[in-house]
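Okay, so here's the structure we're looking at.
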Amino acid sequence: MGLRKILTDAEPALHKVCKPVEQFDKKLHALLKDMEDTLIDSGGVGLAAPQVGILRRVVLVDTGEEILELINPSLLETDGEQVGPEGCLSVPGKYGLVKRPYYAKVRAQDRDGNWFEAEGEELIARCFCHELDHLDGIIYTEVMERYLTPEELEFDEE
Ligand code: ZN
């Protein structure tokens, strides 16, 4: 297991624009493996490379069926909107109310550099947008409407 430390939003690395991945090599594959281990261990839905201190355009999204590896991803299409609670492994213990598209389609490269498209609704669309924002140094707290109160969080957990 290659667990990497998840940085909090106090770290400058989380506020920088990440560089594209150019080498689809063993080093990238090792990073993906470590990120996957770290994501599973954390119980989160997505993880972006800057959260483990690597300023490259790499994110993982757990769709519930598989862990998607998105290298150099971009948003191709969005539709509708949803307003709901959102959290981040780099902002532990807090949740905010964030407006996101209901549907999102992304284009990305896989670990070998092949381009593909992926799409999703609800939580997956939310996660695509949240993780892609990380690559541009944006944390959800900068785009949220407000933090959820402890009372609202208790209500959500029922
Ligand atoms: Zn996050």
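These numbers come from the heavy atoms of this one structure, side chains and all, not from hydrogens, waters or symmetry mates. Each ligand, and each atom within it, is numbered from 1 in the order the structure gives.
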Review point. Going by heavy atoms in the side chains, are R100 and E81 under 4.5 Å from each other?
Key: no
**Study point:** Separation of L47 CG from T38 OG1 (nearest 0.5 Å)
**Key:** 6.5 Å
Check your understanding: Can you list the protein N, O or S atoms less than 2.8 Å from the Zn ion (ligand 1)?
Key -> C88 SG, H130 NE2, H134 NE2
Check your understanding: Say you draw a straight line from SG of C18 to CD1 of I54; how long is it, rounded to the nearest 0.5 Å?
Key -> 10.0 Å
Study note, to complete from the structure: Grouping ILVMFWY residues whenever side-chain heavy atoms fall under 4.5 Å, the cluster of L132 otherwise contains V59, V61, L68, L70, L75, V106, F116, I124, F128, L135
Point to revise | Atom pair CD/CD1 of E36 and I67 - distance to nearest 0.5 Å | key: 4.5 Å
**Study point:** E145 vs K99 side-chain heavy atoms within contact, under 4.5 Å
**Key:** yes
